[in-house]
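First up is the structure itself, then whatever we jot down about it.
The sequence lines fix the lettering, A, B, ..., with proteins before strands; numbering per chain opens at 1.
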Protein chains: 2
Amino acid sequence: MTAKYKVVEAALERDLIEGKFDDIRKLPTEDELIEIYKVSRNTIRRAVDVMARRGMIMPIQGSGMFLRDVFQEGCVNLEVFRGMTDTFKNNRLETKVIAFDQIFANEEIAKAMRCEIGTPMFYLERVRIVDGIPNCFEYSWLNRNYIPYLNNEIITNSVYEFITSDPKKKIGYVDRVITARRLTEKEAKMLSLKEGDPALVSTNCAMFKAGELFDYSINVHNFETVKFLKLSNFA
Amino acid sequence: MTAKYKVVEAALERDLIEGKFDDIRKLPTEDELIEIYKVSRNTIRRAVDVMARRGMIMPIQGSGMFLRDVFQEGCVNLEVFRGMTDTFKNNRLETKVIAFDQIFANEEIAKAMRCEIGTPMFYLERVRIVDGIPNCFEYSWLNRNYIPYLNNEIITNSVYEFITSDPKKKIGYVDRVITARRLTEKEAKMLSLKEGDPALVSTNCAMFKAGELFDYSINVHNFETVKFLKLSNFA
DNA sequence: TATAATTTGTCCGTATGTATA
DNA sequence: TTATACATACGGACAAATTAT
């Protein structure tokens, strides 16, 4: 059973993306949305709250809820975590698998993934190519106690989609540390750049709702094409 | 009159930082917090919701609200925008003013700041030094129609603090685009790095609650010392 | 300029669902 | 299985900011 506020949010987002509100650059008022969706004011407010956090709208007290036009070409919105397959669904996304191994956590990985040394892991290296341009070189570790099975098809498409296709495994938290550093020789080669070029690096931990850390990954982005977008609002 | 949920949130944050919950790594239950703060359940939930978004706690249904220990030393938490003066209040923060001019918006700046060409602006260049290490070289443009006055003391301390000291001027939104690029010669010199070294760059727009874009800035960070932290949770 | 209407923001109490212990 | 604790949802009331009269 999907929560009502999520249904409303999805519907509003779809309408917004389809340009339904482009004429007046405003959403209907809360009272109108209550009528449209036949839910309580709280539920409406919760739905639009998420949209406001994602930077899609800007509610102004006494005035209305206005569309924002910050929509980014080619920016990765940090408020919307959905894996690359979804982020670039309107682009041609290729994935080159460089490594796909079953390993066991060493001290460093065990610490990063908050588990015992020797915990079984999948280790991946992949290059993501968007519209023919190398976008990202990814190192991934996945805890096999939580993700027991993967195959070549899954990792060539979307690990994220595969995991969330199990309704019991709901992603709860994703932490990212964003840094810049120099590309290694290997990374440069994979991204068609030069060794020592700048890299925009995102080091990620993904956890399930109950807190189990199942995924640790280092994403080394092409600095020429990748931008992160962070939208904040202060209620 | 400050909102109750903000009061509760501030109190809980202070308690958490002071280590009040360190023994069991949990917050009191919602019902206990209702008793403690004498407010409704909604108000409690709203307060802890903000804390969860900031990555301080992890609420787990059926179990409790657990402390998270992600508080990475020296990371700039992207969920908490408060200017550097506040972020580094426990560090020695120096500011070197390189430029402080009154100018008028050219086409490029007018576009970025969504205003007319010729709009009066303050233009700043500053180096921020944390504990003796150059942390960030900042270019800032401030719309003088919204920020009519600044002086050397204000810009050496905190423009942000000065602006928000006026209770009528409440910051509503901050958009950031995060990229990596090479340092220019000037930037490298200011940061005690080498020309061509990587830079972690944040390009920011800050808006008041009613949407006026008052500040545009480009922050070029020292890639050796600066990390951004982005914490997400998926309710 | 002042007032009323509109619209979002805050807060309360209650009921029921769902995941965990 | 039962109790605990967070999640969702409803409806009502009033406050605050903006817009229209």
Side-chain angles (χ1 to χ4, degrees), chain A residues 1-10 12 21 24-53 57-68 166-173 207-212 233-235, chain B residues 1-10 12 21 24-53 57-68 167-173 208-212 233-235:
Chain A
M1 181 49 192
T2 316
K4 285 190 188 180
Y5 76 92
K6 285 183 184 167
V7 176
V8 173
E9 189 216 320
L12 278 173
F21 313 121
I24 46 170
R25 312 278 311 151
K26 279 180 73 169
L27 255 53
T29 66
E30 290 180 356
D31 284 342
E32 286 165 351
L33 291 173
I34 289 168
E35 266 310 298
I36 294 169
Y37 293 102
K38 309 291 181 193
V39 295
S40 72
R41 181 151 180 249
N42 282 333
T43 302
I44 293 294
R45 282 184 63 75
R46 181 143 185 200
V48 298
D49 200 57
V50 176
M51 295 176 72
R53 276 217 310 264
I57 60 168
M58 179 195 284
I60 295 176
Q61 187 174 3
S63 188
M65 299 184 285
F66 296 84
L67 267 59
R68 294 188 62 185
D166 179 349
K168 287 189 177 174
K169 288 186 175 165
K170 278 182 275 188
I171 294 178
Y173 304 87
M207 285 149 277
F208 290 125
K209 265 204 146 54
E212 311 97 330
N233 64 346
F234 304 91
Chain B
M1 179 49 193
T2 315
K4 285 190 188 180
Y5 76 91
K6 286 182 185 169
V7 175
V8 173
E9 188 216 321
L12 277 173
F21 312 121
I24 47 170
R25 311 280 309 153
K26 279 181 74 170
L27 253 53
T29 66
E30 290 180 356
D31 284 341
E32 286 165 350
L33 292 172
I34 289 168
E35 267 309 300
I36 294 169
Y37 292 103
K38 308 292 181 195
V39 296
S40 74
R41 180 137 185 268
N42 283 334
T43 302
I44 294 294
R45 282 186 62 76
R46 186 150 182 195
V48 298
D49 200 57
V50 176
M51 294 176 71
R53 276 218 309 266
I57 60 168
M58 179 194 283
I60 295 176
Q61 188 174 1
S63 187
M65 299 184 284
F66 295 85
L67 267 59
R68 294 187 63 184
K168 288 190 177 175
K169 289 186 175 165
K170 278 182 278 187
I171 292 178
Y173 304 87
F208 290 125
K209 265 202 145 56
E212 312 97 329
N233 63 348
F234 304 91

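Side-chain contact check for B:I36 versus B:P28: some heavy-atom pair is nearer than 4.5 Å. Contact of the A:M65 side chain with the A:M51 side chain is not registered, since no non-hydrogen atoms from C-beta on lie closer than 4.5 Å. In this structure, the side chains of A:I60 and B:K209 stay at 4.5 Å or more apart for every pair of heavy atoms.
The minimum heavy-atom distance between A:Y173 and A:F208, with the atom names listed, is CD1-O, 4.0 Å. The two atoms that bring A:V39 and A:I34 nearest to each other are O-CG2, 3.3 Å, heavy atoms only. Looking at every heavy atom in both residues, B:D49 comes nearest to A:R53 through OD2-NH1, 4.5 Å. Nearest heavy atoms, A:L27 versus A:L67: CD1-CD1, 3.7 Å. Summarising the geometry of B:V48 relative to B:L12, their closest heavy-atom pair is CG1-CD1, 4.0 Å, with the distance given to 0.1 Å.
Rounding to the nearest 0.5 Å gives a distance of 12.5 Å between CD1 of A:I57 and CZ of A:R25.
Atom OH of A:Y37 and atom P of D:dT8 are 19 Å apart (whole Å). Distance NZ (A:K6) to C1' (D:dA9): 14 Å, rounded to an integer number of Å. In this structure, A:R45 places its CZ atom 19 Å from P of D:dA7, rounding to the nearest Å. For the pair B:L27 CG and D:dA5 P, the interatomic distance rounds to 13 Å; values are reported in whole Å. Summarising the geometry, the separation between CD on A:E9 and C1' on D:dT8 is reported as 15 Å, rounded to the nearest angstrom. The distance from atom CG of A:L33 to atom C1' of D:dC10 is 17 Å, rounded to the nearest whole Å. Across the protein-nucleic acid pair, B:M58 atom CE and C:dT20 atom P stand 13 Å apart, rounded to whole Å. In this structure, the CZ atom of A:F66 is 10 Å from the C1' atom of D:dT19, given to the nearest Å.
Each of B:P28 and B:K170 has a nearest nucleotide on DNA chain D; the 5'-most of these lies closest to B:P28.
Rounded to 10 degrees, the angle separating the terminal axes of the helix from C:dA2-D:dT21 to C:dA21-D:dT2 is 10°, with each axis obtained from five end pairs.
Contact between the side-chain N/O atoms of A:Y5 and the OP1/OP2 oxygens of D:dA9 is not found at any separation under 4.0 Å. Dashed line: the shortest gap from a side-chain N or O of A:R46 to OP1 or OP2 of D:dA9 is not under 4.0 Å.
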Show each protein N/O and nucleotides 12-16 of chain C N/O combination with a separation under 3.5 Å, one pair to a line.
from	atom 1	to	atom 2	distance (Å)
C:dC12	OP1	B:K4	NZ	2.7
C:dC12	OP2	B:S40	N	2.9
C:dC12	OP2	B:S40	OG	2.8
C:dC12	OP2	B:T43	OG1	2.5
C:dC12	N4	B:N42	ND2	2.7
C:dG13	O6	B:N42	ND2	3.0

Close N/O contacts between protein and nucleotides 2-7 of chain C (under 3.5 Å):
from	atom 1	to	atom 2	distance (Å)
C:dT7	O2	A:G62	N	3.2

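Put simply, the residue from A:E32, A:E30, A:E35 that forms a salt bridge (charged side-chain N to carboxylate O under 4.0 Å, His left out) with A:R41 is A:E30.
One N or O on the side chain of A:K26 and one on the backbone of A:S63 form a donor-acceptor pair closer than 3.5 Å.
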